[in-house]
Amino acid sequence: MVEPPVTRGKFITLEGGEGTGKSTQAARLKDYLAAEGHNVIVTREPGGSHGAEEIRELLVSGATDRWSPLAETLLFYAARDDHLMKTIRPALNRGQWVICDRFADSTRAYQGAAGNIATDLLHTLEHGVIGADWPELTLIFDLDPEVGLARAGRRLGEVHAEDRFEKKGLAFHARLRQSFLDIAARAPERCVIVDASLDVDQVTHAVTTAVAARFPGAAA
Ligand code: TMP
């Protein structure tokens with residue numbers, strides 16, 4: 001018997017600065033989509049596959065100046081390539097929906113706008129590694145970085161190994177915020193800004209509303 005063709009899943013990314021509540025909302029969005037009848041995975045960057053999680057350790061721990069901006073960018077893209085090949089594309093091809101906590105917009109914001117890596121290089125890496133597999137929807141969680149960093153600190157406690165980026169100064173995080181807003185303004189067909197200062201249930205409502213609007217026929 002011939003199996004019916006599988007409809008490719010949808011790819012949704014969550015982006016924003018530190019402490020914006022993306023991970024909580026990723027889990028809630030998964031529950032919402034699962035209740036709609038979809039098969040959903042939540043994954044993250046850097047990480048999301050065995051090799052990429054190994055690279056994550058190199059990226060998120062240690063001194064803030066451990067890597068040059070260029071080396072850091074290449075490590076993020078090495079991890080992203082593995083994640084796309086081993087986790088994201090296979091899941092989409094199986095018909096699963098993929099919710100990813102951070103993706104290429106984080107590289108544009110952290111390494112590009114806030115870290116001064118040239119846009120041309122980022123475009124070349126995006127072309128070679130991501131190709132056509134950009135997310136259909138990107139939710140940009142917008143929050144005053146002072147609030148976000150305080151939240152991240154509270155959540156993570158005083159001893160925290162994965163804080164290379166949180167340790168960068170407030171000016172860096174303010175540039176990041178603006179950079180994410182610029183990304184959203186340049187790609188309005190893909191990006192929706194979510195006000196992450198609202199309470200957690202209101203943010204969930206904003207997220208599910210944006211998803212329902214972007215995928216109107218997608219109720220299973
Ligand atoms: P996380 O705390 O959201 O798991 O992300 C780990 C850190 O890595 C976070 O501070 C943001 C940073 N990051 C980049 O600088 N560039 C990237 O491309 C990604 C995916 C994350």
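For the single chain, residues carry numbers from 1 onward in sequence order. Keep in mind that what you see is a predicted model, and the values were worked out from it rather than measured.
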Where do [X] and [Y] come nearest, in terms of heavy atoms and distance?
X	Y	value
Ala91	Val98	CB-CG2, 3.7 Å
Ala210	Leu137	O-CD2, 4.2 Å
Ala185	Pro188	O-CD, 3.5 Å
Val203	Ala196	CG2-CA, 4.2 Å
Gly115	Pro69	O-CB, 3.9 Å
Gln25	Val200	NE2-O, 3.2 Å

Quick one: do [X] and [Y] end up in the same hydrophobic cluster if we chain Ile, Leu, Val, Met, Phe, Trp and Tyr together by side-chain heavy atoms under 4.5 Å apart?
X	Y	result
Phe141	Tyr32	yes
Trp134	Val192	no
Leu198	Val194	yes
Leu181	Phe103	no
Val207	Val42	yes

| query | Going through the distances and angles, do Glu136 and Ile12 end up as a side-chain contact (heavy atoms from CB on, under 4.5 Å)? | reply | CA-CA 6 Å; Glu136 280 102 340; Ile12 302 171; over 6 Å; no
Would you mind reporting whether [Y] and [X] have side-chain heavy atoms less than 4.5 Å apart?
X	Y	result
Arg190	Ile183	yes
His127	His123	no
Ile55	Tyr77	no
Leu84	Val129	yes
Leu59	Glu72	yes
Leu14	Cys100	no
Arg66	Leu58	yes
Ser197	Asp195	yes

| Short N-O contact, Asp182 and Arg108, less than 4.0 angstrom | no
| query | Are Arg177 and Glu146 within salt-bridge range, i.e. N to O under 4.0 Å? | reply | no
| query | Does the gap between the ring centers of Phe76 and Tyr110 come in under 6.0 Å? | reply | no
Could you check whether any side-chain N or O of [X] sits under 3.5 Å from a backbone N or O of [Y], counting only pairs where one atom can act as donor and the other as acceptor?
X	Y	result
Glu18	Leu149	no
Glu15	Thr138	no
Thr20	Gly16	no
Arg56	Pro46	yes
Ser179	Arg175	no
Gln202	Asp199	yes

Measure the spacing between [atom1] of [X] and [atom2] of [Y] and express it to the nearest 0.5 Å.
X	Y	atom1	atom2	value
His50	Glu53	NE2	CD	9.5 Å
Glu36	Asp31	CD	CG	12.0 Å
Leu176	Leu170	CG	CG	10.5 Å
Thr13	Asp101	OG1	CG	10.0 Å
Leu75	Gln111	CG	CD	10.0 Å

| request: May I ask you to check whether Thr43 and Thr87 show a side-chain donor-acceptor distance below 3.5 Å? | output: no
| query | Can you tell me if Ser106 and Glu45 form a side-chain donor-acceptor pair at under 3.5 Å? | reply | no
| remark: Test salt bridge (charged side-chain N to carboxylate O under 4.0 Å, His left out), reference Asp133, set Arg8, Arg80, Lys10, output is Arg8
| query | So Leu125 and Ile130, side-chain contact (heavy atoms from CB on, under 4.5 Å) or not? Walk me through it. | reply | CA-CA 8 Å; Leu125 290 167; Ile130 303 169; over 6 Å; no
| task | Kindly indicate, with the supporting measurements, whether the criterion side-chain contact (heavy atoms from CB on, under 4.5 Å) is fulfilled by Thr73 and Thr107. | result | CA-CA 7 Å; Thr73 302; Thr107 317; 4.2 Å; yes
| message | For a salt bridge (charged side-chain N to carboxylate O under 4.0 Å, His left out) check, start with the C-alpha distance between Arg151 and Asp144, then their side-chain angles and the critical distance, and finish with the verdict. | response | CA-CA 11 Å; Arg151 274 192 197 170; Asp144 179 338; over 6 Å; no
| Under the side chain to side chain contact (heavy atoms under 4.5 Å, CB included) test, which residues partner Val40, sequence neighbours left out? | Lys30, Leu33, His38, Trp97, Ile99
| request: Let me see the working for Arg28 and Asp201 under salt bridge (charged side-chain N to carboxylate O under 4.0 Å, His left out), right down to the final yes or no. | output: CA-CA 10 Å; Arg28 287 179 166 214; Asp201 291 336; 2.8 Å; yes
| query | What's the verdict on side-chain contact (heavy atoms from CB on, under 4.5 Å) for Asp142 and Phe180, showing C-alpha distance, side-chain angles and the deciding distance? | reply | CA-CA 8 Å; Asp142 181 53; Phe180 278 120; over 6 Å; no
